[in-house]
Structures are given as structure tokens and as C-alpha cells.
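So you know, we letter chains A, B, ... as the sequences are listed, proteins then strands, and number each from 1.
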Amino acid sequence: MKKQRKTLPLILAVVLILALCISGLAAGGVFASLIDTTSGAQWNLRPAQVTCAVRDDYRIDNTGDIPALIRAKVIVNWTRDGVVAAGCKDSWSLDYGEGWTQVGDYWYYTGIVPVGGQAPALITAVSKGGSEYELEVQVLAEAIQATPQRAIEEAWGVSYRDVVRSE
Amino acid sequence: MNKRVIAAFLILLLLVVPNISGVFGAPDDSAPVSTETAPETVAATEAAQAPTETTQAAPEETEAPVETQGATQAPAETTAAAETEAPSPVEEETQAPEEETEAQTLPEGALALPAAGGVLESGTYFLTQDLTLQAALEVTSGSTVELNLNGHTLTGGASIEYLISNLNGAVLNIHDGAIRCAKHGIESWGTLSLTNVDLSARNDTLNLYTGTIDVASCQIKATAESGGMAIYTNKDSSCALTIRDCRVEASCRALNQWGTGTVEAYRTVFVSQEEDVLETNNGTVKLFDHCQVLYGDVPGKYGGKKSSFDFDSTTVINESWDLYHNSDWLSYVKEKYNAESYPNGIPASEFVRDDAAKTIYIYTADGFAWWASLLDTNTEYKTNLQDYRVLLERSIDLGSRPWRFSLQTADFQNGCLDGQNHTISNLTVYTSHNDVGTAGYGLIGDTSSNAGPITICNLQFDKAKIRAVTGGGVVLGYLSCPGTLENIHVTNSYVYGHMIGGLIGSIDDKASAAEIKSCTVSDVTVETSGWNGGGLVGRYTASGTLTITDSHVSDISIKALVHAGGLLGLAEVNSKVVLDKLTTVSNVTLSRKGEYIETHTVSTGGIGNANNVPDRNDYILDGTFAGGYYSSCAAVSYAEYYIKSYSTKWDAATYRGFVQDGLFTYQLTVRNSVVGYNEERVGSDNYDFTTHVTKPSVIYYAVYNDGTNSRDVLYGYEYVATNEAAAGKTLYGDLDCTRVPWYTDRACTQAYDLSTPVTGGVTLYTPLVLRDQNGPISADRLQAVAGGLPKLQDSDGVFQTTDWTALQQGKTFTPANADQIPDMCLELYASVDAIERTLTVTRTQGTGEQSFWYTITGGGLRLEVCIPQGKDSVTVSGLRANVTYTVTEQTGWSWRYAADSAKTVRFENDQLRQTVSFAGGRTAAEWLSGLASLLKRGG
């Protein structure tokens, strides 16, 4: 009985701090502050952001704040006034850049892109024959947290080792 | 003590647990978490509500107080009932529930309403249960009465004329309940207010003489099956009636303003099923804040006289129609940016005028109205904007108030309104009382002869409503000057009136030239109150030329008394319409309206896939036309031929018809005086062009020598050629699409297999095979027979000597030497157009943050399409009929979202567009990721 009375306040304090921390994070949504009253130190906890951007020359930036893996889907169609022309059979071709590998429907950059870094151009040249339609090249890009490895395996359904060839 | 503390912390922990995953997961993972918590919240709410429901039920179980209204009034009821000869149905119906109802306690100070009726003294009367009155109630001068119905129903017996009389000098406030009157409702000379009352009577539900009447949140209904009036103000009396948020309904007139006072209604719906919805004879009715006047199925007119309606008082409103405050856009901006601040009063964020560049930039609806106010007929800011280019920099919504704009000066000569492909939505133009007999309703209503030339281009209209007296079009009501519309697209709109069209109502003789170029009208209803409804233009009477180029009308409904057409309702004799390039009409529904459709010797045109056509005589092709699609259709399951040959000029008419087999549309053009015969009636009777052609058919055309220019000779009879070789013979063109050989070259050397699937446009040629009674004759022989072929001038101005092979698709031809045209000539070409179907793939969830891609497979096609972030659809054209396509979402990409199953779609012959939709909500996938996309056109 006596031992329980000594440990109970400590347990309650931990739970309370944890609860306040969680509540603060949940409410703030971005970060919360945790203050150690004994030392006066303060930590700001900020959830990581994973974002990317596709440049006009088809390079893809890691604009997030943690290293990321990047994949892309390329969709090419002949269009007129923004409407895809299914019947157009005019020819086109793309040249793909170094450092990318195709697995299934997607192109994967074979390295980890550091914060502020970029994957090289996915497409280096677009060739097309004459057509009354307009060629539309659409690049969809997605960045995902580089670690743990099971992130891309669960989210993208590919083996980490099949994609990432240099670290 | 410790257990309680632990319990408290456990509760605290439970409260924050739902947010834990929101912390450890990515911020954008919060959505699925919150979704999961939703059922818990609902359950908790339900649990919390349960005791409340129990509490509310308790009073019902308590016994009724001794002093209830019903108990104290029982003797009076018995007396009254004895005096009544027979109980009315109303009494029978209402007495039954009265017996079942437990009376409530009368509040302190409140008075019980006497069931026996009679004069009410000042005070608050309170219903504790439903009550049937045996005699009328009366509030006399000097009395102030509040009648709290308390959610109950007050019913008047069958013998009561007016249930309540509110006399001059009295004040009566009734609220919160229902009043049912067997005959009439409430008559009032005094001050009356009704709040939250459901009041019904057989007739004259509210009969008003003088005083102030305020009705709010009520339903006022006259229940008589015919002739009933809900609100009636008496002649020579003047009351001030205000109605807010009510529904006023009657079989005859919802409101009859016979008195001299003013009725103001706000957000109120007036409904009539029989005749006039509203009528005013001596007073004023003002409708504000989107009142609605709903009329039943029977056409009619308002009976309004000397009224000051804020809306059309001359035509019936037979559908929901919003009415607005009388302040239209131009009045509004003139008041808002007043003369003192002109011309710089309007902020640059809305309107910028660069006089040096002669350019005006418009950013808002206010800015747009301000531009119009500088040019409007009635403007006090008359401004010379000749040669100005007006650029609409953003899409604008004009729905908050009506639009009226008339261009009656030369101040915008050579001006151009360039929408820059932005959209004007909810343009609302309606007639007002003062508009009787006036003309011109549209974005620009009326134009004077010196207003142009003007150009309106690159502009889209959505949800426009135009109600015209005469001359109504979304873009222009009356075009009386040279004008050009280019790249204008109207959709999802409604035009009503006389001489109306999807783009332009009427083009009159002052418009020496008009051009409609690359415009479309779709999903539009054109409903005439009189004559002349067209998909593009209602009436064209100018002696100049109307050129329609690369424009398309589809999916529209035209309701007309007389003269309706997919492109034009009416083109007068001597008018000239040139249809250039590919102008099409498809899926137009023409329906008869009114009691008759007049057979008229002037023209209508532009009929394509004319479903539900009530009378073959309502569309007659005539006049002087060059080329065109007066009976055109494309990509439809069957073509309805619609030609009847009443030529006033023997060499004038050009007819075009179609035969379709489900994949191809064969277009046949026969020039000059030609009457067709079907196979069974060769040489005996006319081919019935109104017959639905559902498969390739054999149609023979007789070729006439019409030197006499006699209609009687032409129509309905064979002509016997007079020249030597053809004497006594009748010539026929064999136009059987399946048997005639088709070629891909003009020389007819490269055979074409009609069974080849067509994926793009193709022009085919065939040598004309004519035959006489002895069998086929060659073209050479015919040429010899005809004694030479006519020279034709094509739309490029090139004179050609026509051979018997085809002319090039898309060109129009006019006889260049009409006086020298030989006795016989017949030319033919056929075009085989691929009928393209359009499929739209839409996404309803997740489009703000996730890109999606899909594969479309079927008929040898495998196509990948994408809906990028921020978009919700992608459209694919060029699909084919009778092929099943499968649309599959590729969820390897949108892994955060649950996948909908693949969807299939198949276009039948008459289906041009289809849509498949995907939803698939988010899953609880937790990894941090981010998306981006790039779209580059031109590679």
C-alpha cells in the first residue's frame, strides 16, 4: 500500500504530460511546445512535411523537409481543346533521363532525394509527328518518406531494393 | 480516493486517444481518423438524447388539469350543436381528434377562446387544444387581441361566413397554429398580424379592406377547386399589406389586389393552378428578394391592369421564375459609383480604362455593369468608346439582379467585347411592366443601326435566363447593325418570348452583314410565346448575308407555335444564309406549342434529328440558300428527312438528306429542282421524306427540266425530259449507299470498303449512276443527254465545271449562271463522317489533394487518362458506337483512396455523350507523401 502511494503521483504526472502533449499537437495540428520545467529547455515538435514539385524541364524537386523517394507516372495523349482524342493515332515518342527506372506503370528515381535536392529530368526529349491535334504530356509525381523502407513497399507496392539502387 | 483519481485520468486519456493518430501520422491523415470517430460521436449523442426524450414524454403522461378549456366549454358546445341543423364535414373531422386530445393548462392571465364565438375583449387568448368554433369571432374597435394558437388548430363551422372579423380600429395578432375555415377566412379593417399561421379557407382566405396587415412565415391557402382567391383586397379600399416568407396558394388568384393600396412581398411563393396568379387593378404589388410566381399547366395571361409589377405583366409564368428587386445592374452601379465620382469612382480592382490603348479591363460583375452603363441608352454618362476593346479578365456571376442593357448609339462602333474565354453565369433578363411592345432582350438587348459593327467573342454563358417580349437571345436580342459573334458558347440556359434564339433573337434588315463563327449552343430551351425560335437565331430578315461557320447546336429543345429550326427559326425570302464549313445540328427536340402550326411558304431550317415533330408541314425549306444543313443530322441513330419542295425559284433550293447505318452518316446533296421517289413508288408518287430512315435505303431522284419555273409542275409529278435523247424518259439517281461503289479519290479509282471502321473524317466519292426506263445510263451519256453541265461557283469563288464525281465536302455552291443552266443537272456527293462519342470520367472525392489516372479499354483501344489535382474530370472524344469500354481506376497511384470497381460504358447509336463517375473515399494509409504534376502541351 505504501509503495503504491509513492509511485502513483509519478504515473499520473507522466500521463498528464503525455495527454497535454498529445492534445496540444492534435489541436495545433502543426507543432506543439513541450517545456521541461526543471531545466527551462523547450522543444518544438514539428511533423515532417513531404512535398515535391515538377519543374518545366521535368526535373522533380524534393520540397519537403525530410529525404524522400520519388516516382512518376507519365500520361501522353493527343488532345483538342483539352479533350483527349482517342481516335488520333499520330505518332510520338519520349526519351527518358538517367537515374530513373521503370517498374510496371511508373518511373522511379533510383536514389533518395535529400531535402532541397532534386531528381534529374525524367523526360529529356519529346518527339512527335505532324498532327492536327495537340500533344499533351502529363507528369504526375509523388514523393514519399524515404524511411522506413516499408513505407514505399506498403504505399507503392514495390520492393525498396528494386527501386533504390544507391544510398 | 485513488480509484477516483485513476478513473479521472483514464477518462482524460480516453478523451485524447482519438487524436493520437493525428499526431503520429501525417497531418493529412487526420481525415480518416475523424471519420472513424464519427460513429462514436453519434452514439454518444444518441445516448445523451435518450434521457431528454424520456423527460419530454413525462408531461404527456400527467393527468389533465381540472380547469381545461375543453371542460369549461362543454356546455356551450352542446348548446351550439343543438342549434346546428347538421354537423359539417369539417366539424366531424375535427371533433374526433378533439376528443382524443388532452387539454393543456391555460397560462396564468390568459383567456380561453370561447367556442361559441362572439366579440373578443382585449387580452391574450390561448388555445390549449384544438377547437371548433360554432360562431364567428369579432374584434371590435379599440380592442387589442392576441390569439396564441399554441400549435393547435382553430376550426370554423360550416355555417360561419368569416371566421374572424377584425374591425376598424382593432388590433389582432394571431400566431403559431392553424386555422381552418369552411367558407371564408379572416376579414380585416384594422391592424392585423399573422405569424407562423397555416390559414386556409374555401375562398377569400384573407379579405382585406383597410389598415396595416403584416403576414410572416405563413401559409395562406384558398381550397376551392376553382375560382378561389387566397388574398383579396377590396375595391376602393386601401390597406398596406406586407408578406414575408410565405406561401400563398389558390386555384384562381393567389393575390387579387383590387384595392388602391400597396402589397409588398418578400421571399414569398405565389401559386395558382387555374388562371391568374396575381392580379392588380388599382393598386401596387412589389415583389422582392426572389419571390416566385408559379403558374399551373394552363396557359393564360396576367390580368394585371394599371399595376406596377416589377416583372412581366403580359405573359404567363408557367415555371419557377425568380423575381428581383427593381434595381437592375446598371441602376445599381450608377447609384453605387455615382456621378460625382465618375469616371474614377469605380475601383481599379473592378474596372480599368486605358484610353491610350483604347482598352477596358473588367474584373467583376460591378465592373461589367459599369462598362454597360457607359453605353446604355439611358445613361447619363454617355461615353464614346468607339474602337475600344473590352476585356473580361475573370468569369462573373450576374445572378444577383436583373440585367438590361441597350446599345442605341454609335458609341461602341467597331468595339469588341472579348470574354477571353471566361464565363458569364446567371445572366437574367426579364420583361417588366413597361416593356409591353418593346423589343430586344439579351446581354445586349437592342442595337441601333449605327451601333455597329460590333464584335463579341470568346465568351461563355451558363445558366442564362432570357424572358423577352420580342427579340430575345442570350447574346443579342435585336441585331440591327453589322455584327460578329465568334467563339461564343451558350449552355444550360432558357430563352422565352417572340423571335428568340440561343444566341440572337432577331437580325433585321439593318444588319447588312452578320457572322456567327465557331459558336455552340447546347442544353438550352428555346420557348416561343409566338413565332420564330431557333437554336442560333430566331428570325433573320436582313437582305444581307448571314454566315454561319463551324457552329454547332446540340441537345436543345425548341417549343414553338410556328417556325422553329435547329439553326434558324425563320429566314425570310430574299435573305441569304451561308453555312460554311461544318455546321451541325444534333439532338434537337422540336415540339408543338399552341393550337396550330401554320404551313407557311417562307422558310425554316436547321432541323436535325427532329424528334417528336408533330406536323410535317411546320418546316418548309425555301428561299434563296446556298448550301447548308437545312435538314441535317450527324451521329444520330436515325435521320428524319425533312424536306418538302415548294421552290419559289427553281434553281434555288439545295437539299440535303441522310441515310445512316449506325456507324456512318451518308450525306447526299441534290441540287436544282428535284423531287424524290421511293423505290415502290417510282414514277407514281413522292417519296415521303418524313419517313424515318433507319437503315440504308434506296431513294430515287427524278431530274426535272423546270424552264417554266412552275411549282405546280414541279411538285408531285414526274417531269418528262424534253431533249432528244431523254424524250419520254424519266431519269433516276441510284443513291443506294450500299450498292453504289464508293471511292476515296475524285477520279473514283480507289475503291472504299464501307465496312471499314471509320476513325476520322473521310470524304468519299461516287460516280453518279443514273438510269432511265431502259436501265442505267452512263455519266457520259447523261452529259450528252443534258447537253452540257452547269458551271458552279464554290464558296471559294472558284468556277468549276462539275463532273459526276463528288464535290469536295464542306463547300457550298451556287449556280453562277442561273440563266444558262441547262435543262437537267444533278450533282451528288457523299461524305462519310465518323460519329464520335464523348466520354467524361468524373471524380467526386479526393480531387483537391490527389491526382488519379484511369485506363479506358475496349474495341482495340487502350488509353490512359488523368485527373490531376484540383480537377474533377477528364473528357475523351473519338469513341465509337456499339463498343463496350471499360474504365478502370489505377489505384496503385491513388493508394490513399479506396478503389471503385471498374465501370463499363457502351454507346448506342443515338448516344453521343456519357459520363462515368468514381468516388472512393480515403483509406487510413499513413505514410507521409506529397504530390505534384506538370502538364505540357505541344510536347
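Listed here is the closest heavy atom pair of Ala53(A) and Ala932(B): CA-CB, 3.8 Å. The heavy-atom pair separating Cys52(A) from Gly930(B) by the smallest distance is SG-O, 3.6 Å.
If you run side chain to side chain contact (heavy atoms under 4.5 Å, CB included) between Val83(A) and each of Val874(B), Val876(B), Thr875(B), only Thr875(B) comes through. When each of Val137(A), Leu122(A), Asp56(A) is tested with Leu934(B) by the rule side chain to side chain contact (heavy atoms under 4.5 Å, CB included), just one qualifies, namely Asp56(A).
The stretch residues 90-97 of chain A places none of its residues near chain B, where near means some heavy atom under 4.5 Å from a heavy atom of that chain. Residues of residues 66-74 of chain A lying under 4.5 angstrom from chain B, judged on non-hydrogen atoms, are Ile66(A), Arg71(A), Ala72(A), Lys73(A), Val74(A) by number.
Per-residue counts of heavy-atom pairs under 4.5 Å with chain B were compared for Val54(A), Ile60(A), Ile152(A); the largest is that of Val54(A). When the candidates Ile123(A), Thr51(A), Ile75(A), Asp61(A) are compared by the number of heavy-atom contacts under 4.5 Å with chain B, Ile75(A) comes out ahead. The candidate from Thr63(A), Val76(A), Val50(A) with the greatest count of non-hydrogen atom pairs under 4.5 Å with chain B is Val50(A).
Between the side chain of Asn77(A) and the backbone N or O of Val865(B), no donor-acceptor pair lies under 3.5 Å. A donor-acceptor distance shorter than 3.5 angstrom exists from the side chain of Tyr106(A) to the backbone of Trp893(B), with no hydrogens or angles considered. At distances below 3.5 Å, at least one donor-acceptor pair connects side-chain atoms of Ser877(B) with backbone N or O atoms of Val84(A). Using a distance-only test at 3.5 Å, with no hydrogens or angles considered, a donor-acceptor pair links the side chain of Gln145(A) to the main chain of Leu928(B).
Interface remark: Leu931(B) contributes backbone and side-chain atoms alike to the contact with chain A (heavy atom separation under 4.5 Å). Leu935(B) touches chain A through backbone and side chain together, each having a heavy atom under 4.5 Å away.
Annotation: side chain of Val139(A) is not in contact with side chain of Ser933(B) (no heavy-atom distance under 4.5 Å). Looking at Trp927(B) and Pro148(A), their side chains come closer than 4.5 Å, going by heavy atoms from C-beta outward.
Here the CZ atom belonging to Arg937(B) is positioned 11.0 Å from the CG atom belonging to Leu135(A), to the nearest 0.5 angstrom. Note that CD of Glu136(A) is 9.0 Å distant from SG of Cys866(B), once rounded to the nearest 0.5 Å. Here the CD atom belonging to Glu864(B) is positioned 11.5 Å from the CD atom belonging to Gln138(A), to the nearest 0.5 angstrom. Expressed to the nearest 0.5 Å, how far CG of Asp57(A) lies from NZ of Lys936(B) amounts to 7.5 Å.
Around atom NZ of Lys903(B), more than 12 heavy atoms belonging to other residues, nucleotides or ligands sit under 6.0 Å away.
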